[in-house]
Every structure is written in structure tokens, then in C-alpha cells.
Amino acid sequence: MSEEIKQYGKQMQELLDPASDIHQKLVQKGLLLYRQQLVYNKKMSSTEITGKVQDVTPVQVTLTLGNPSTSHCSCPQEGICRHQLALFFSAYSENGSVFEWIQDWKREESTTSILAHIKRGSDLLKEKTPATLDGVEAWLARFRHAYQGIDPRNEFVLEVTCKNKYRSLIEYAPVEREWKPLYQLFAAYESMKIVNQLCSEYHIRTFKRFFEFMLDEVDEALKILTVSAAPFAFDPFLSYLRENSIFLLKESSYYEYELIELYQLLWTFLFKQSIWRKLEYNRLSDLVKIDNRKRIKIGLIHLAIMCGDDDTAIEEIQQYGGEIASFSSFWLKYLNEQKLYNRLYLYLNTIAAFVPSYLENASEYDRYAFIRSFFQFINEGVLAEQNPLLLEKIYIQTLPHTFYQYSDYLFTKGRFKEWVELQQYKGIELEFIDRSRLEAIGKSRPHLLMPLYHEAIEHLIAERNRDSYKKAVRYLKKLRTLYKKQKTSDIWERFFESLLLKTKRLRAFHEECKRGKLIHA
């Protein structure tokens, strides 16, 4: 069969273009699979060669001798794939040198072949969209086919399998630079839909990382897509996404937050035309009258914000309840990046009222994640100058998570009484409070510190051990100094006498008072 295989090899050299990046990568990947000895169960006949190739999942390959274009593989790739090349190299190696075949193939790119590909400008204008860009339905069929045959019963490898399916789709993105991000966006969007349906059908709740990975892919694609004007050829693809995006709000899912975020990304960064947003806003306004689910309300609020209808958005936010806080970071980030500060403060003021109830019911991880993202998009310095009351309201609503920010704010403003009360509220031990701040307050308003010292002394004596008594004596001496500064030593004497009487059974404490010269022999 050496002649048939060599003839097949020549036909493959004609079909594969050495000047094409895609074909070069195909040959490299096929060669890698062959060299790793991942081809097995190889069988030859006079008309075909069959075999299996172990990739991420095993695939069945059939090479039709005499007509490579009719060869096929069970993988989702259309046309010649890396698995066909791997089987071909395995068969060819038994009759010739694979290395020499590749060198001959690379030499095919001669000056003549390059000139043969040069076309007139008028010819280029007449050309239609390449076969790889042959329409929305072709893309959708390819994506659906890629995820067929997945076994959802093994959750431990299912997520890895789905990620590999997505990556294999991305490998065969269109060559044209402007089409690659649109293809990536479509692949991620459809992958989320397909996998969401799979998770709902089999009650899988462990795919959060997969959906977060897909959101990163969408975000990356949108950053490239939105920096330049979209060509007219994009219109049917964008139209599909606009019409189909309602799926993200209506479809049942265990990953509602991720689907909502995908919807927000599309209608914030991709669909910017006011007429598109207005039409979507009207569609959601009609839909919410017959379907009052929370996800649809979130979509309506988002479109209201995008359309500048703040009255409707605020009204819907107030009716939604505490859970609205978990969606607020996206809107705050958008308004902050657009420098729409008046609108930002309006929404901050509204959402802040719901933060306490949200934090009360959220898990510890979600609480800290929310606080981190919530303040990430608030310029606290600017807000302190333009709307200090709003900033303070936010600090109070998010206590104790904003203890340190609020503490700095009060001290900077010279509001020492509230600062001391905040330390008491938090229960910070006196030894862990910034000494320089205690000294600064002690010089100007020493009476404000007295509650802190009284509370700390009482707590230390209650511990009933020698070390705590020593600390209590140090604080008593500082407290005595504060009384002297205010010329109220007589009050100090009455307090200390009462304290000694109350602790008369605590001999060790009295001994420490003598050592500290609080009690004189």
C-alpha cells in the first residue's frame, strides 16, 4: 500500500497551505499527537485507514485513500483536523519519512504560488464572506456539536471536560483578526447556555468556576470588540445576541448571578446604541408585567440606568429589597468610570439603606467580598469633600466592616467624642489603640478618654491574674493624670477609694497598687 499512502500524502500537501497559520498549527498538533504515540487500533485496507487517537477524549478517525477531502473524524472540527494528520503520519511513517514529507510540504510555498494568490482590488470587493464566517446558524451548530456526547454523571471531571471543549472551539477561530473576538464572545456565550442547561437538567451546583471563567472570556472579547467600529458583516451576529440575551434573564439556573452579569456586560459594553437600549428597555417593561421574577427586574433596573431613567431604576431598587446590594457593584463601577458622580451619589444613597440587611444574611465570605468591591468604586476622598454626610452614612451602614475607615474619618475631622465611642462599640482593647491618637486627644480633650480607661481597668481586674493587675495599675496611673489635668483630683480620690473597697479581697491587686505607688504605706 506504499503507493496509495504516498499518493494520499501528496494530495494532503495540496490541500494544506504552508503559508496558512491555521494549517501550520494543524500539522504541528498532528505531529505532536503522532510523536506521543497516541494513535492506536490502526487498521488499513485498500480504500481506507481507520484508527483511534487519544486526545482530551478519544476520537475515531477514518482516512479515505484517494480522496482526503472525504476523510472524517468524530471530533467537532470541520475539514482536516489534527487527529486525521496524526493517523496519516502514523501510517506514512511505515512507508517513508514523516520529516521529509513536512520539508517537502514547506517548500511548496514558492514565489509562483505566492503570486498566484495575489488578487485585484476589484476581485476582493466582489468576494463573499469566507466559509469559516458562513453565518450565525453555522456557528451555533458547531458549538452545539462540540458539547455533544458529554457524560454529566462524573462531576469531578465534567468541568475540565467542558473547559477543554471550549478551548478546542477557540483553536479554530476565524483567521481574520476582527472576527476572532466576536467568535470568542459567541463561543463563551453559547457555552454558558449549553452548560447551564446541562447543570439544570442534572442538578449540578459545582460549576461556579466554569461560569466565572466564561465571564472572563466574554470580558476579554468585549474589550477588543468595543475599541473599533463593527463591520456591517457583524450585523446578523449582533442581532442574534440582542434578541437572544433575554434568555439570560428567563432561563432557570443555579447560576443566576453569573447569567445576570453576562447580560449586564452585553448591554453595557456591546450594545451602546440608544435605540437598541430603548427597545430592550421597552421589552423588559412589558415582560415584567407578566413575569415578576427578580432576574427580570434586575435586567429592567440595568436598562433603566443605561437609558438614564433614574426615577424608574430607584423605584425598582427600593421595591427589590436587601438582595439588591449584591448587584450594585456593577452599576457603581459603571457610573464611577463614566464620571457620572451626581448619579453615582444618588444610587449610593439609595443602595446604602439595604446594605445592613444584606450583610446580616450573607455568608462571611460574601460579606467581605461585597465590602471590598463596594468601596473599590467609591472615591472616598472626593466623596468626603463633596458629600461627607453620604460617606458617613455608608460607613455607619456597613459597620463593623468599615471600622478602620470610619475611625480614620472621625479622627481626621476632629470628632473625638464619636471616635472614642466607636472604639468602645468595636471593643478594641486599650493597648491596641494608636498611642499617638490617645496622646493627641489627651492633650486637647482628656475627659473623652476617661471612659476608655475606666472600661479597660474594670476588664483587667476581672481577669484576676498578676499580669492583668500590672496593666490595670498602669492605666490607673494614666487615669489619675487625666483627672489632675481637669483639676478633679477629689473625684479621682473617691473613685480609687471605692475601687479599693470593692477589691479588698484581691490581695495581689493591692500589692501591685503599692508597687505602683498608688497606695502609700
Side-chain angles (χ1 to χ4, degrees), residues 8-39 49 51-63 68-93 97-110 113-114 116-117 129-134 138-139 141-143 145-147 160-188 190-191 213 217 220-221 224:
Y8 186 90
K10 290 180 181 179
Q11 292 172 329
M12 289 286 282
Q13 287 177 339
E14 294 174 359
L15 290 173
L16 297 171
D17 182 5
S20 166
D21 290 339
I22 291 181
H23 289 178
Q24 287 180 16
K25 290 179 180 178
L26 272 179
V27 172
Q28 290 171 4
K29 291 175 181 177
L31 188 62
L32 182 62
L33 291 172
Y34 155 66
R35 287 177 174 171
Q36 290 178 335
Q37 299 182 347
L38 296 176
V39 179
I49 302 173
K52 288 188 175 182
V53 180
Q54 180 62 50
D55 204 343
V56 177
T57 56
V59 295
Q60 180 68 42
V61 184
T62 300
L63 304 181
S69 61
T70 60
S71 299
H72 59 87
C73 174
S74 61
C75 76
Q77 173 62 23
E78 299 175 3
I80 299 174
C81 67
R82 60 182 181 272
H83 309 113
Q84 293 179 33
L85 284 166
L87 180 58
F88 163 68
F89 289 143
S90 178
Y92 193 87
S93 65
S97 169
V98 173
F99 175 77
E100 290 180 0
W101 181 92
I102 292 175
Q103 295 303 311
D104 290 341
W105 173 65
K106 288 182 178 179
R107 283 194 289 268
E108 288 293 323
E109 187 182 11
S110 62
S113 63
I114 293 173
H117 287 85
T129 306
T132 54
L133 313 175
D134 50 4
W139 281 18
R142 179 185 301 177
F143 300 149
H145 179 70
Y147 285 93
V160 175
T161 302
C162 290
K163 281 187 178 180
N164 288 335
K165 292 289 186 182
Y166 169 77
R167 291 190 178 104
S168 67
L169 286 171
I170 293 299
E171 286 180 4
Y172 303 112
V175 180
E176 292 77 5
R177 185 176 59 184
E178 67 274 15
W179 284 89
K180 285 184 177 180
L182 181 65
Y183 181 89
Q184 179 176 324
L185 172 62
F186 250 76
E190 288 300 318
S191 294
F213 171 69
E217 292 292 294
E220 180 184 282
I224 301 173

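One-based numbering along the sequence shown.
- Taking CZ from R82 and OH from Y172, the interatomic distance works out to 4.0 Å, rounded to the nearest 0.5 Å.
- Residues passing the salt bridge (Lys or Arg N to Asp or Glu O under 4.0 Å) test with K52, sequence neighbours excluded: none.
- Counting non-hydrogen atoms of other residues, nucleotides and ligands closer than 6.0 Å to CZ of R167 gives a total above 12.
- Looking at heavy atoms from C-beta onward, M12 lies in side-chain contact with W101 at the 4.5 angstrom threshold.
- Side-chain contact check for P181 versus Q184: every heavy-atom pair is 4.5 Å or farther apart.
- Of all non-hydrogen atoms in F89 and L31, the two that sit nearest each other are CE1-N, 3.6 Å.
- Checked against salt bridge (Lys or Arg N to Asp or Glu O under 4.0 Å), E220 has no partners two or more places apart in sequence or in another chain.
- For the pair S191 and F213, the minimum side-chain heavy-atom distance is 4.5 Å or more.
- Expressed to the nearest 0.5 Å, how far CD1 of I49 lies from CZ of F88 amounts to 8.5 Å.
- Minimum interatomic distance between A173 and K180 (heavy atoms only, all atoms of both residues): CB-CG, 4.4 Å.
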(message) What verdict does the salt bridge (Lys or Arg N to Asp or Glu O under 4.0 Å) test give for K25 and E171, after you've listed the backbone C-alpha separation in whole Å, the side-chain angles of each residue and the deciding distance to 0.1 Å?
(response) CA-CA 9 Å; K25 290 179 180 178; E171 286 180 4; over 6 Å; no
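- The side-chain heavy atoms of I102 and F99, taken from C-beta on, include no pair separated by under 4.5 Å.
- Every residue two or more places apart in sequence or in another chain was checked for a side-chain hydrogen bond (donor to acceptor under 3.5 Å, both in side chains) with Y92, and none qualifies.
- Within a 6.0 Å radius of CD in Q36, other residues, nucleotides and ligands contribute more than 12 heavy atoms.
- Contact between P18 and W105 at its shortest, heavy atoms only, is CA-CZ2, 3.4 Å.
- Between F143 atom CZ and K165 atom NZ the span is 14.0 Å, to the nearest 0.5 Å.
- H83 contributes atom NE2, which lies 9.5 Å from atom CD of Q54 (distance to the nearest 0.5 angstrom).
- The closest side-chain heavy-atom distance from L85 to I80 is below 4.5 Å.
- By the 4.5 Å heavy-atom criterion applied to side chains, L33 and V39 are not counted as neighbours.
- In this structure, L26 CG and L16 CG are separated by 7.0 Å, a value rounded to the nearest 0.5 Å.
- The distance from the NZ atom of K163 to the CD atom of E217 is 10.0 Å, given to the nearest 0.5 Å.
- Between W179 and W139, the ring-plane angle classifies as perpendicular under the 30° and 60° cut-offs.
- The two atoms that bring I170 and Y183 nearest to each other are CA-CE2, 4.2 Å, heavy atoms only.
- Of all non-hydrogen atoms in Q84 and S71, the two that sit nearest each other are OE1-CB, 3.6 Å.
- Proximity of E190 to Y166: side-chain heavy atoms (C-beta onward) are nowhere separated by under 4.5 Å.
- Nearest approach of P68 to Q11, heavy atoms of both residues: CD-OE1, 3.1 Å.
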